Protein chains: 2
Amino acid sequence: MGITKTQIFNTEQNELANTFKVLSNPARIAILEFISKQDACICNDIVEEIGLAQPTISQHLKELKSINLIKGEIEGKKICYCINLKTWAAVQKRLNFFFNTTKVKCC
Amino acid sequence: MGITKTQIFNTEQNELANTFKVLSNPARIAILEFISKQDACICNDIVEEIGLAQPTISQHLKELKSINLIKGEIEGKKICYCINLKTWAAVQKRLNFFFNTTKVKCC
DNA sequence: ATATATTATCGTAATATTGCAATATATCAA
DNA sequence: TTGATATATTGCAATATTACGATAATATAT
């Protein structure tokens with residue numbers, strides 16, 4: 001159906017899955033990598049770098065913003081996008097918690 | 001278009017995104033958590049636990065198997081699914097590498 | 001061989017995602 | 001104000017994902 005039955009899972013499972021979903025696109029990975037390499041991060045540069053149309057990049061940035069992985073500061077007519085260090089660390093910690101607590105008992 | 005332009009990204013970016021994609025569904029998160037708690041892991045038990053139809057669970061297991069996150073051993077007419085520790089650790093390491101190397105220079 | 005139990009595959013419907021053109025909005029510069 | 005530049009939003013087409021019923025495949029037990 002394309003629809004996920006979120007109601008049968010708990011909040012932690014849904015949020016974790018959603019975090020993974022935001023990261024599950026190579027364009028968004030590339031955007032994060034590119035932003036992290038720049039001193040100043042401007043959308044138009046991202047468009048040229050990634051090679052996708054401007055609306056597409058804008059949409060990907062919106063998704064990254066939806067979980068606060070990045071933040072954009074308006075600088076004149078440009079926007080300086082950068083990684084939100086606080087969320088970044090929190091997400092990494094959460095993913096590690098998932099990997100560490102998912103232990104193996106069989107096989 | 002629903003289609004990702006994988007050709008404009010590098011292998012690392014595509015593989016990383018694909019790994020995140022496999023983990024981007026709450027049912028698959030729940031399956032991994034359930035498997036990790038069991039001594040013996042049988043698909044039929046998973047169906048009862050998760051609350052999705054058997055073909056749906058089977059499909060999710062297939063996706064988890066596609067990147068070797070789990071492995072299934074045939075035990076009679078049942079199958080013992082368990083987490084593939086080797087891949088598990090490798091994936092965790094890879095994700096941490098991504099988080100650690102994506103540094104911040106602006107803002 | 002037949003019946004039962006377990007898991008996989010196929011086909012299909014509904015919804016989600018990706019990407020872009022067109023357009024809107026916002027900001028600066030002259 | 002007008003024009004140029006940068007980013008966001010809308011609308012749409014194509015493909016992907018999710019879920020399930022029906023069915024196939026596999027293995028055991030009788």
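As the structure is a computational prediction, the values presented were derived from the model and not from experiment. What's counted below: heavy atoms across the whole structure, side chains too, no hydrogens, waters or symmetry copies. Throughout, a chain's letter reflects where its sequence line sits, starting with A, and its residues are numbered from 1.
- Mapping Ser58(B) and Ser24(A) onto DNA chain C by nearest heavy atom places Ser58(B) closer to the 5' end of the strand.
- Nucleic acid contact for Thr4(B): sugar-phosphate only, since backbone atoms but no base atoms lie under 4.0 Å from a heavy atom of the residue.
- Residues Gln92(A) and Asn96(B) have side chains that bring a donor and an acceptor to within less than 3.5 angstrom of each other.
- The CD1 atom of Ile57(B) sits 4.5 Å away from atom CG of Leu52(B), with the distance rounded to the nearest 0.5 Å.
- Taking the side chain of Ile3(B) as heavy atoms from C-beta on, and the options dT15(D), dC20(C), dT9(D), the nearest nucleotide is dT15(D).
- At least one side-chain nitrogen or oxygen of His60(A) sits closer than 4.0 Å to the OP1 or OP2 atom of dG19(C).
- Closest contact between the side chain of Tyr81(B) and the listed nucleotides dA8(D), dT7(C), dG19(C) involves dT7(C).
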Taking protein heavy atoms under 4.0 Å as touching, what does nucleotides 21-30 of chain C look like 5' to 3' if B marks base contact, S marks sugar-phosphate-only contact and - marks none?
-> BB----BS--
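- Residue Lys5(B) places its side chain closer to dG19(C) than to any other of dG19(C), dA19(D), dA8(D).
- If you check residues 9-22 of chain A against DNA chain C, the residues with a heavy atom closer than 4.0 Å are Lys21(A), listed by number.
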N/O donor-acceptor pairs under 3.5 Å from side chains in residues 7-17 of chain A, not counting sequence neighbours:
residue, atom, partner, partner atom, Å
Asn10(A), OD1, Glu12(A), N, 3.1
Asn10(A), OD1, Gln13(A), N, 2.7
Glu12(A), OE1, Arg94(A), NH2, 2.6
Glu12(A), OE2, Arg94(A), NE, 3.3
Gln13(A), OE1, Asn10(A), N, 3.0
Gln13(A), NE2, Glu33(B), OE1, 2.8
Asn14(A), ND2, Thr6(A), O, 3.0
Asn14(A), ND2, Phe9(A), O, 3.4
Asn14(A), ND2, Asn10(A), O, 3.2
Glu15(A), OE1, Arg94(A), NH1, 3.2
Glu15(A), OE1, Arg94(A), NH2, 2.9

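- With a 3.5 Å ceiling on both atom-pair distances, the Watson-Crick or G-U wobble partner of dT2(D) is dA29(C).
- In the set dT9(C), dA8(D), dC20(D), dT9(C) carries the atom at the smallest distance from any side-chain atom of Lys62(B).
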